[in-house]
Amino acid sequence: MPPETGKKVYIETFGCWLNKGESNIIATLLTKRGYEIVQEIEKADIIIVNTCAVRGDTENKIFRRLHEISKTAQAKHTKLIVSGCLVNVRPRSILEIVPQASLVEPDAVEKIPEIIESESPIYILRQYQNLRTVLPEFKGGSFHIVPIQSGCLGNCAFCIEWVTRGRGVKSYEPQIIVENIRDAVRKGAREILLTGQDVAAYGYDLKITLYDLLKEILDKVDGAYRIRLGMMEPMLLSRFIRDLLPLFSDERLYRYFHIPVQSGDDKVLRLMRRKYTVQDYKEIVSHIRQQPWKSSIVTDLIVGFPGEDEESFRRTLAFLEEVRFDKVHVARYTLRPFTEGYLLHGIPEPEKKKRSRLATDVILRIAYEINKTYIGEVKEALVENISFKGDLTARTIEYKPVIIKNQSAKIGDFVKVKIVDASPLHLVGEIID
């Protein structure tokens, strides 16, 4: 059945940038079929909830939200679709809350228009088909998300992604990505985020690498824009980091590297089934820091994984002191079903909280010391946000956030700023001529 004219769709998204990009794909597909995307759930004829399954607390938050949405949907006889990673993990639990819903796994988001137009609920679960042909259209502003792949080649003991998105890597063809970015830049996009489950794994299934994709984008897409790379796992990145780094002499690439380490102790890395050592990771960082330009290196850290004893945690603190990250996302380990970690003897929650606090203290001190080195420098920064007070947030080429107070510029402008102050979380700058 074709859609009725004026049907309104509300999309609510949980989780990572890949999920946000896939919600934008859903919006693109539905807009082309005549639907209207709305920002208020009360106005919707159709509700889509795009879920996340990475952590237990996020899962509980989604279940609470589905209880709320179920009441709205039943009262208004609104069609409901639940998509995203949690669909493949907790389908029965979801249907207990919203029995009227259709369930759509992440790889099947391109089928959502036909599911909406079906009179009965449809369930697409754990099929893991590669249906990646559509990217989100740029709809204005200055920021554009481009999913380039999903899946990874790891088998980590804490990770549930093999259930949510299947095994192996599924990449978009490079020509589709290049054309999407060219169109977005032509329409005014200034910051392009290339996102995926593991961006370093891009092209593994196509027999190409991330280097090949970036080279083609930089060669074929002219304009004033900057590309930010999403998370890159060390295992694959180590294989081509030396080839990749020369591309970053081009100022259209943010010199920003999000490389999750998860632990600074080799014993814990083995328990986690991470496919590298602490020394392997340090070598990646060394290659980056040998370049003739500054960069930001950001990581993820799990504290309290089963088997992380006091000595392991002390090694992780020493690792943080040595590597000196610009930013670290610290997470306390939480149990996830279908993972090896679920079966291991856990660490008490108070101990995990203590370790999280100790690590965070080290992390913020180091970040502040690094950020203070920028004071006095002049940087070209891209304005990405304006607060209700009129303050600007811009990003340097290292993707450092710069707060610029009471000065006029528009989102999407490149401005020259002098850094006058710093905190652990941001820089403070003034626009200069």
Side-chain angles (χ1 to χ4, degrees), residues 9-29 37 39 41 47-69 80-91 93-94 97-98 101-110 112 124-126 128 131-132 135-136 143-152 154 156 158-166 169-170 172 193-199 201 228-233 258 260 262 298-302 327 329-339:
V9 182
Y10 170 82
I11 304 172
E12 187 165 317
T13 308
F14 293 83
C16 65
W17 284 112
L18 177 57
N19 259 24
K20 293 170 186 174
E22 289 173 341
S23 286
N24 290 348
I25 290 171
I26 295 168
T28 293
L29 291 166
I37 307 301
Q39 303 305 314
I41 194 169
I47 299 170
I48 300 172
V49 182
N50 191 1
T51 62
C52 171
V54 70
R55 290 180 59 80
D57 51 357
T58 303
E59 180 180 298
N60 292 333
K61 181 180 178 181
I62 292 169
F63 286 152
R64 289 193 296 270
R65 182 59 176 148
L66 287 176
H67 275 291
E68 297 170 358
I69 287 174
L80 179 60
I81 297 173
V82 181
S83 66
C85 292
L86 196 59
V87 162
N88 276 343
V89 179
R90 302 289 197 191
S93 298
I94 293 171
I97 300 169
V98 282
S102 292
L103 304 185
V104 186
E105 68 176 355
D107 284 330
V109 294
E110 293 184 22
I112 282 182
I124 305 177
L125 307 172
R126 300 181 187 175
Y128 308 120
L131 299 174
R132 302 198 167 265
L135 286 172
F143 179 65
H144 184 49
I145 306 172
V146 184
I148 63 172
Q149 63 85 231
S150 75
C152 78
C156 297
F158 56 80
C159 185
I160 200 173
E161 294 296 317
W162 72 273
V163 177
T164 65
R165 292 179 178 267
V169 178
K170 291 160 272 192
Y172 283 88
L193 171 60
L194 301 185
T195 189
Q197 195 173 332
D198 173 13
V199 170
R228 174 162 61 100
L229 298 181
M231 186 183 74
M232 298 181 284
E233 288 286 355
H258 181 184
Q262 307 301 6
V298 176
T299 199
D300 300 331
L301 183 69
I302 296 173
K327 185 178 180 181
H329 307 106
V330 181
R332 299 193 302 273
Y333 173 71
T334 58
L335 291 171
R336 302 305 293 129
F338 308 107
T339 65

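From a predicted model like this one, the values you see are computed outputs, not experimental measurements. Numbers for residues simply follow the sequence, beginning at 1.
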Separation of [Y] [atom2] from [X] [atom1] (nearest 0.5 Å):
{"X": "Ile302", "Y": "Arg332", "atom1": "CD1", "atom2": "CZ", "result": "12.5 Å"}
{"X": "Ile145", "Y": "Ile25", "atom1": "CD1", "atom2": "CD1", "result": "10.0 Å"}
{"X": "Ile94", "Y": "Leu66", "atom1": "CD1", "atom2": "CG", "result": "6.5 Å"}
{"X": "Leu103", "Y": "Ile124", "atom1": "CG", "atom2": "CD1", "result": "10.0 Å"}
{"X": "Ile62", "Y": "His67", "atom1": "CD1", "atom2": "NE2", "result": "12.5 Å"}
{"X": "Thr195", "Y": "Arg228", "atom1": "OG1", "atom2": "CZ", "result": "8.5 Å"}

Non-hydrogen atoms of [X] and [Y] that approach each other most closely:
{"X": "Glu233", "Y": "Asp198", "value": "N-OD1, 2.9 Å"}
{"X": "Ala53", "Y": "Ile160", "value": "O-CG2, 3.5 Å"}
{"X": "Ser93", "Y": "Phe63", "value": "CB-CZ, 3.8 Å"}
{"X": "Arg336", "Y": "Phe158", "value": "CG-O, 4.1 Å"}
{"X": "Pro147", "Y": "Leu135", "value": "O-CD2, 3.0 Å"}
{"X": "Tyr128", "Y": "Asp107", "value": "CA-OD2, 3.5 Å"}

Describe, in one word, how the ring planes of Phe143 and Trp17 are oriented to each other, choosing from parallel (under 30°), tilted (30 to 60°) and perpendicular (over 60°).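 The rings of Phe143 and Trp17 stand perpendicular, inter-plane angle above 60°.
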
As a test of understanding, state which of Arg90, Arg64, Arg65 forms a salt bridge (charged side-chain N to carboxylate O under 4.0 Å, His left out) with Glu59.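 Of the listed options, the one satisfying the test is Arg90.
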
Are the side chain of [X] and the backbone of [Y] linked by a donor-acceptor contact shorter than 3.5 Å?
{"X": "Asn24", "Y": "Pro136", "value": "no"}
{"X": "Glu105", "Y": "Val87", "value": "no"}
{"X": "Arg165", "Y": "Gly151", "value": "no"}
{"X": "Asn50", "Y": "Asn19", "value": "yes"}

Glu12 vs Ile69, test: side chain to side chain contact (heavy atoms under 4.5 Å, CB included). Steps then yes/no. CA-CA 10 Å; Glu12 187 165 317; Ile69 287 174; 4.2 Å; yes

Could you go step by step and tell me if His258 and His329 meet the side chain to side chain contact (heavy atoms under 4.5 Å, CB included) rule? CA-CA 10 Å; His258 181 184; His329 307 106; 4.0 Å; yes

So, using side chain to side chain contact (heavy atoms under 4.5 Å, CB included) as the criterion, who are the partners of Leu335 when residues are at least two apart?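 With sequence neighbours excluded, Leu335 shows a side chain to side chain contact (heavy atoms under 4.5 Å, CB included) to Tyr333, Tyr342, given in chain and number order.
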
Name the one of Val82, Leu125, Leu86 that satisfies side-chain contact (heavy atoms from CB on, under 4.5 Å) with Pro91?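 That would be Leu125.
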
Is there a side chain to side chain contact (heavy atoms under 4.5 Å, CB included) between Arg126 and Val163? Walk through the geometry before answering. CA-CA 8 Å; Arg126 300 181 187 175; Val163 177; 4.3 Å; yes

Other residues, nucleotides and ligands only: do more than 12 of their heavy atoms fall within 6.0 Å of NZ on Lys170?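 Check passes, neighbour count above 12.
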
Min side-chain heavy-atom separation Glu161-Cys152 under 4.5 Å: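 Heavy-atom side-chain distance check fails, nothing below 4.5 Å.
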
Is any side-chain heavy atom of Met231 less than 4.5 Å from a side-chain heavy atom of Val199?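 Met231 vs Val199: side chains apart.
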
Determine, stepwise, if the pair Val54 / Cys85 fulfils side chain to side chain contact (heavy atoms under 4.5 Å, CB included). CA-CA 8 Å; Val54 70; Cys85 292; over 6 Å; no

